[in-house]
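Quick notes on the structure that follows.
By convention in this document, chain letters (A, B, ...) are assigned in the order of the sequence lines, proteins followed by strands, and residues within each chain are numbered from 1.
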Amino acid sequence: MHENYDPAAVEAAAQADWRARNAYRVVESGGAKFYACSMLPYPSGKLHMGHVRNYTINDVMTRYMRMRGFNVLMPMGWDAFGLPAENAAIEQGIAPAVWTRQNIADMKAQMQPLGLSFDWSREITTCDPDYYRWNQWFFLKMLECGIAYRRTQTVNWDPVDNTVLANEQVIDGRGWRSDAVVEKREIPGYYLRITQYAEELLEGVARELDGWPDPVRLMQANWIGKSCGVNFGFPYTLCGEPQLLRVFTTRADTLMGVTFCAVAPEHPLAAHCARDHPHLAAFIAECKRGGVSEAQLALAAKQGMATGFHVTHPLSGERIEVWVANYVLMAYGEGAVMGVPGHDARDFAFAKKYALPIKQVIAVAGQAYSTDAWQDWYADARDGYLVASGKYDGMSSPQAIDAIAADLAARGLGEKQTTYRLRDWGISRQRYWGTPIPIIHCATCGAVPVPYEDLPVVLPEDLVPDGSGNPLNKDERFLRCLCPRCGEAARRETDTMDTFVDSAWYYMRYCSPDAHEAMVDQRIDYWMPMDQYIGGIEHAVLHLLYARFWTKVMRDLQLVKFDEPFTRLFTQGMLLNECFYRDEDSGRRRWFYPSEVDVRYDDRGKPTGAVAREDGAPVSLGGIEKMSKSKNNVVEPRQVMQQYGADTARFFSMFAGPPDQSAVYSDSGIEGAYRFLRRLWSYCHGRRELLASPTAAALDGFAGGAAHRQLRRQIYLALAQADFDYRRLQYNTVVSACMKMLNALEAAELPEEGDARGATAAAVREALGILLRVLYPVVPHITHALWQALGFRAVHGELFTASWPQVDAHALEQETMQIVVQVNGKLRGRVNIAVSADEHAAKEAALADAHVMKFVGDKPLRRVIFVPGKLVNLVV
RNA sequence: GCGAAAGUGGCGGAAUUGGUAGACGCGCUGGACUUAGGAUCCAGUGGGGCAACCCUUGAGAGUUCGAGUCUCUCCUUUCGCACCA
C-alpha cells in the first residue's frame with residue numbers, strides 16, 4: 001500500500017479488475033430485479049460536468065441496490081438522430097453519420113474513466129438500422145390498426161432554403177439561416193392518434209404514477225387538458241342548405257348571453273365570407289402570416305373583423321353576427337366560439353374594443369354587475385344563478401348546463417362532449433437524419449406501405465445536407481423503387497420520423513438488444529416495467545407522454561403486458577456555476593473564466609468583490625448560471641478527473657446538494673472532496689499494521705471499554721442514517737454520514753497496547769468494513785483499493801460483490817441518555833436519565849436541575865409533556 | 001394571466017416529517033509545525049450583550065405545551081402552460 005493517495009493508479013487498477021471480472025454484465029437470472037436507467041443522451045461529443053452528476057446518481061443508486069441483493073440492469077445508449085448532426089454537416093461538410101459516430105466514440109471515451117457500472121453489452125444507438133427498423137415495423141403496425149394516419153399539416157416554410165423549419169428556427173418571423181420571411185404551408189404528413197389514449201393517459205397520471213414527482217404528474221395532466229362541456233351548433237342556411245356553425249363551450253349556462261360568434265381565420269366559414277369581401281380576405285391573410293408557434297400567437301393583440309354573415313341562436317332564435325377573430329384557435333374544439341362578453345374576460349375585452357353588446361345572464365347575491373369594467377366574479381360558475389335567461393332563470397350554473405344541454409339535444413343541435421387539449425402527434429419531419437418513414441408513393445396506387453419483409457428501409461449514410469432542403473429528395477438511389485402493389489416504378493417517401501419516436505421505446509430494447517426477429521422478446525417480462533427512470537425535468541411532458549402512449553399501443557398489439565413503462569421517476573437537477581464579467585469601454589461584455597478570477601472576502605468570510613488575476617482590476621459577479629460557452633463558465637470533467645480523479649468528481653457531485661435540485665460547481669468543493677479522500681487514505685495507511693495483526697478478540701464477545709462502545713455507536717448511527725438516505729435517494733447526506741464515520745474513527749482514542757490491542761483492532765476493522773461499503777457506491781475506486789489493501793477481500797471477497805452492512809441494534813443501545821428539558825416550550829436544560837425512565841422519572845430529573853428550577857420557580861406545574869427519548873416540557 | 005415549487009449563517013446545505021435549528025462541508029479568524037506554504041494538524045465561527053440572558057429559518061398573523069415544518073394574508077425567486085372557449 002502506497003503512503004500517498006494516487007487516484008490515477010487506484011482508478012486504473014480498479015477498472016481493470018472490473019473489466020477482468022466482467023463485473024457489470026447482467027443476465028435475467030431469478031431473484032428480485034432492479035432496472036434503473038438514465039434518459040439516453042444526445043451524442044454532442046462533449047461530456048459535461050452535468051452528465052457526470054446525472055450518471056453518478058444512476059451509478060450510486062445501482063451499486064447500492066446490487067449490495068442489497070438485487071439483480072440490477074443499468075444500460076446506456078445514444079439518441080443519435082436529429083438536427084444538430086445536420087447543422088454540423090452544413091458547417092463542416094461532414095456526413096451526419098460520420099460526425100455522430102465519432103461523437104459517440106468521443107463521449108464514450110470520456111465516460112469510461114468515471115467508472116460507471118453500465119452493462120455496455122446492451123448499448124443502443126438509435127441511428128443503427130438494427131434499431132430503427134423496429135420504428136418502421138411498429139409504424140406499419142400502427143398504420144394497419146389505424147393509430148397512424150396521413151393528413152395535411154401546417155408547417156413553417158423557408159422560401160429561400162426551400163425547407164421546413166422547426167418553431168425554434170423561426171426568429172422574429174424569419175428563417176434562422178436565410179433570414180427570409182417564413183410562410184405557413186400545408187403539406188401532408190403522418191400522425192399518431194395519441195388522442196385516442198387521452199383518457200387512459202390522464203387516468204394513469206392520477207392512479208398509477210404515484211412513484212412520479214407531483215410537478216411532473218401535474219404537467220402531464222395539464223398537457224392532456226381535459227375539459228367537459230357542450231358541443232352544439234348555431235343554425236344557418238348556405239345556398240339553400242341548412243347548416244350548423246359548431247362551437248364547444250364549458251359554460252353552456254351562459255348561452256342566453258351570446259351576442260356574437262367568432263371563428264378562427266382558418267375556419268371554412270371565414271373563407272366563404274371572404275370571397276366577396278376583400279377587406280376580410282386581407283385581414284385573414286394578415287392573421288395567417290408569421291410563425292405557427294403558440295407563444296407568438298399569444299402575444300399578438302386581439303383583433304377581429306365582422307363578416308356581415310349571421311347565424312341563428314339555437315334557443316332564442318335571435319340573429320347573431322359572425323366575426324373572424326385572431327384569438328380563436330382552429331386546432332382546439334371546433335375552431336369557433338360563442339361570444340359571451342358578459343361572462344368571459346376575453347369576449348368582454350373583444351366586445352369593448354368593437355362596441356358589441358354585453359348582456360348579463362348570471363348574477364351572484366350581493367354583487368353588482370356593471371358593463372363598464374370587468375370583474376372576476378363575472379366568470380365564476382360556482383355561486384351564480386341565471387337571470388334574463390327565460391325559463392332557465394333562477395337555476396344554478398350546473399343545473400342550467402344540464403337543462404340547456406338537454407334542450408339542445410332535443411332539437412338535434414348538440415350534446416355534451418369532453419375535449420382534450422392534447423393533439424395527435426405529428427411524426428413527419430422533412431429532414432434527412434432520421435428514421436425513413438417506410439412508405440412508397442405510386443402514381444396509381446398512392447401511398448403504399450413498404451412490405452414487412454423489405455424492412456429496414458435503410459437511410460443512406462453518405463449524404464451531406466447543405467441547408468437547402470432534404471438531400472434524400474436528390475438521391476436517386478434512395479428514391480427509385482417499385483410499387484409493392486402494382487410493380488410499376490415509384491418513389492420512396494423522403495420524410496423521416498420525429499426523434500421522439502426513437503426515444504419512445506429504446507428503454508425496452510435494452511432488455512433484448514440482440515433480438516433479430518422481434519422488436520422485443522420475452523426478456524422484457526423480466527425487466528419491465530422499469531423500476532427507476534432518471535432524467536431532466538425538461539422531458540416532463542413530451543418524451544414521457546410519448547413513451548407512455550407508445551407503451552399502451554404496444555400493449556394493445558400484445559407485445560408487452562404492462563400499462564405504464566416507468567414505475568418511479570426521478571428528475572435530477574442541473575449543475576450550475578458562478579460567472580464573472582467586466583463591461584469594457586468598447587461596450588462589449590467580457591466573461592471571465594472562474595479560474596481567471598480571485599474572489600476577495602472580509603474577516604467574516606463574506607465576499608467583498610472579485611478581481612481578475614491578469615490585471616488585479618475588479619470584475620463584476622454575474623451570479624449563478626447554467627454552464628454555457630457564452631458565459632465562459634463551463635467546467636470540463638476531463639480537467640477535474642486529470643487533476644483529482646474520478647472519485648473526487650463523483651464525491652463532489654454527490655455532496656454538492658440534493659440530487660433533485662440544482663447544484664453549484666465550486667473549486668473549493670472539489671478540493672474539499674479530494675481532501676476527504678486523502679484523509680481516508682492516510683487513516684487507512686496508518687492503521688494497516690494494526691489491522692494486519694492477528695487478533696483473538698472476536699466482535700461477538702466484544703466487551704471493550706467505553707471508547708470502543710462509543711465508536712461502535714457512532715458508526716452504527718451513521719450507517720442507519722446512510723441507509724435511510726440511500727433509500728430516499730438523498731446522496732448528499734449519505735456522504736455526510738461517511739464523513740461522520742471518518743471523524744469518529746479519527747477522534748476515537750483507542751488503546752493499541754496490551755490486552756486492549758485485539759479489541760481495538762476488531763473495532764476499527766468493523767468500522768472500516770462498514771465505512772468502505774457505505775462509501776463504495778459513491779467512490780468505488782478508492783474503496784476497492786482500500787478493501788484489498790486492508791485485507792477485507794481475503795475474508796469477504798470482492799467489494800463489488802459485497803453485501804450491504806446491517807445495523808447492529810445492540811451497538812446503538814445505551815443505558816442513559818440525554819433528554820431536553822423545556823419550560824413553557826423554551827429550551828432550559830438537558831438532563832441524563834435512564835433509557836427506561838418513565839414520565840414521572842423524567843419529570844423528577846428535570847425538576848432536580850438547578851437551571852431548570854430557575855425558570856420554574858415556585859409557579860405551579862400545570863402540565864407535563866413527555867416525549868420518550870426526546871424531551872420533557874414543563875408547562876407552568 | 002393561469003398553475004406549481006421554493007425562500008434557513010458569509011456560502012452549499014442538514015433537521016428521518018410537529019419535539020435540542022444551523023448536522024456535514026466550504027469560506028473566514030486565531031494558533032501549532034514549517035525556509036516557505038494556497039500542505040497538514042488544533043481551536044473558534046448565526047446575531048446582540050461584560051454577563052445573566054435575549055433575538056434568529058422572506059414579512060405578518062393564527063393553531064399548539066411546543067412551529068423551519070401545519071393554516072391564512074402578503075413579498076420575492078424559479079419553473080411549467082401560455083388567447084383552451
With respect to A:M338, which candidate in A:F232, A:F260, A:F248 satisfies the side-chain contact (heavy atoms from CB on, under 4.5 Å) definition? A:F232
Partner residues of A:E538 under the salt bridge (Lys or Arg N to Asp or Glu O under 4.0 Å) criterion, sequence neighbours left out: none
Quick one, A:L545 and A:W425 - any side-chain contact, counting heavy atoms below 4.5 Å? no
A:H313 side chain to A:L315 backbone, donor-acceptor under 3.5 Å: yes
5' to 3', nucleotides 17-26 of chain B under a 4.0 Å protein heavy-atom cut-off (B base, S sugar-phosphate only, - none) gives --BB--BBSS
Is the shortest side-chain N/O distance from A:R863 to OP1 or OP2 of B:rC65 below 4.0 Å? yes
Rounded to whole angstrom units, what separation is found between the CE atom of A:M338 and the P atom of B:rC84? 14 Å
Please state the P separation for the pair B:rG44 and B:rG9 - nearest whole angstrom. 23 Å
Inter-nucleotide C1' distance (B:rG1, B:rU8), Å rounded: 32 Å
Gap in Å between the two C1' atoms, one belonging to B:rG46 and one to B:rG13, rounded: 15 Å
Nearest-angstrom distance, C1' atom, B:rA52 to B:rU17: 36 Å
The correct list of stems in which RNA chain B takes part (3 or more consecutive Watson-Crick or G-U pairs, distances under 3.5 Å) is B:1-7 with B:75-81, B:10-12 with B:24-26, B:27-32 with B:40-45, B:46-48 with B:53-55, B:58-62 with B:70-74
Going by the rule salt bridge (Lys or Arg N to Asp or Glu O under 4.0 Å), which residues pair with A:D6 if we only count those two or more places apart in sequence or in a different chain? none
A:L871 and A:N873 have their tightest heavy-atom pair at CD1-N, 4.1 Å
How would you list, by chain and number, every residue that makes a salt bridge (Lys or Arg N to Asp or Glu O under 4.0 Å) with A:R53, sequence neighbours excluded? none
Taking only residues two or more places apart in sequence, or in another chain, which ones meet A:K870 in a side-chain hydrogen bond (donor to acceptor under 3.5 Å, both in side chains)? none
